[in-house]
Amino acid sequence: MRAYIDADVLIWHLRGEKKARDFLISLRNQDAYELYTGALQRAEVVFFMRPDEEEATGVFLSQFKTEPVDQKIIDAAGVLYRKWQPSHGIDVHDAILAATAIRTGGRIFTLNIKHYPMPEVNVHRAWE
């Protein structure tokens, strides 16, 4: 199964959070999962890194496959966004990752469970 790692988990790891490192190592060592991130989650990390972080961030991100976003994912994400944004305040990034996970049968790991209120999304808290 694909394990989609949300941007918050990636960022905490890059900031040196031991819980993030331990979680990602544990997940990587489980045969049941392939490590992925969404295109926009990767963008959140890449766009905001500092020049002195480029090499280490690139090495870190090379451990994750990035699922491309296509028309079907965008269209499905638009449906999710219009349904859930008014009541739960989800953003475009969340809707696209949710649609990606639904389409590919993946599981999202995040610290922001509330960003994925959709019952059809397989979402789990990364750590407590």
Side-chain angles (χ1 to χ4, degrees):
M1 172 182 282
R2 293 179 180 193
Y4 287 101
I5 310 303
D6 202 356
D8 61 336
V9 175
L10 300 173
I11 291 166
W12 278 115
H13 177 273
L14 290 166
R15 290 180 178 168
E17 173 59 54
K18 183 182 181 316
K19 289 179 183 178
R21 185 197 70 207
D22 293 347
F23 169 74
L24 290 171
I25 289 171
S26 171
L27 205 59
R28 183 185 65 200
N29 291 337
Q30 295 179 43
D31 290 336
Y33 292 112
E34 289 181 89
L35 295 181
Y36 273 80
T37 192
L40 293 177
Q41 286 65 35
R42 182 183 179 96
E44 286 182 64
V45 173
V46 171
F47 284 25
F48 296 106
M49 69 181 162
R50 295 190 242 5
D52 63 323
E53 298 170 333
E54 286 181 32
E55 185 175 344
T57 302
V59 169
F60 172 62
L61 289 175
S62 72
Q63 299 175 61
F64 303 88
K65 294 177 183 175
T66 301
E67 181 65 23
V69 176
D70 62 15
Q71 179 180 338
K72 289 180 182 181
I73 289 175
I74 293 298
D75 292 349
V79 171
L80 293 172
Y81 182 83
R82 289 187 302 277
K83 179 176 182 178
W84 293 100
Q85 198 286 328
S87 61
H88 289 78
I90 70 165
D91 69 20
V92 171
H93 296 163
D94 302 330
I96 293 173
L97 184 59
T100 300
I102 291 168
R103 184 159 182 236
T104 63
R107 177 175 288 166
I108 298 172
F109 290 93
T110 184
L111 296 174
N112 297 314
I113 297 289
K114 66 182 179 173
H115 292 185
Y116 303 95
M118 312 84 172
E120 64 270 39
V121 174
N122 187 346
V123 61
H124 292 271
R125 186 165 173 83
W127 68 83
E128 293 299 323

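Both backbone and side-chain heavy atoms feed into the values below; hydrogens, waters and symmetry mates do not.
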Where do [X] and [Y] come nearest, in terms of heavy atoms and distance?
X: His115; Y: Ile90; result: O-CG2, 3.4 Å
X: Gly106; Y: Met1; result: CA-CG, 4.3 Å
X: Arg42; Y: Phe64; result: NH1-O, 4.5 Å
X: Ala95; Y: Leu80; result: O-CD1, 3.9 Å
X: Glu128; Y: Lys19; result: O-NZ, 3.5 Å

Any side-chain heavy atom of [X] within less than 4.5 Å of one from [Y]?
X: Val92; Y: Tyr81; result: yes
X: Ile102; Y: Ile73; result: no
X: Val79; Y: Trp84; result: no
X: Trp127; Y: Phe23; result: yes
X: Lys65; Y: Leu35; result: no
X: Val45; Y: Met49; result: no
X: Thr57; Y: Leu14; result: yes

Would you please say whether a donor-acceptor pair under 3.5 Å links the side chains of [X] and [Y]?
X: Glu44; Y: His93; result: yes
X: Thr104; Y: Tyr4; result: yes
X: Tyr116; Y: Asp6; result: yes

Inset, instruction - Flag yes if more than 12 heavy atoms outside Glu55 fall under 6.0 Å of its CD atom; otherwise flag no. - result: no

Inset, instruction - Please indicate whether Glu120 has more than 12 foreign heavy atoms, meaning atoms of other residues, nucleotides or ligands, lying under 6.0 Å from its CD. - result: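 Buried by this count: over 12 neighbours within 6.0 Å.
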
Look up atom [atom1] in [X] and atom [atom2] in [Y], then write down how far apart they are to the nearest 0.5 Å.
X: Leu24; Y: Leu10; atom1: CG; atom2: CG; answer: 7.0 Å
X: Gln41; Y: Asp8; atom1: CD; atom2: CG; answer: 9.0 Å
X: Ile25; Y: His13; atom1: CD1; atom2: NE2; answer: 6.5 Å

So, the side chain of [X] versus the backbone of [Y]: is there a donor-acceptor pair under 3.5 Å, distance only?
X: Asn112; Y: Lys114; value: no
X: Arg107; Y: Ala3; value: no
X: Gln85; Y: Arg82; value: no
X: Arg103; Y: Ala99; value: no
X: Thr100; Y: Gly38; value: no

Inset, instruction - Measure the acute angle between the ring planes of Phe109 and Tyr33, then classify it against the limits of 30° and 60° as parallel, tilted or perpendicular. - result: perpendicular

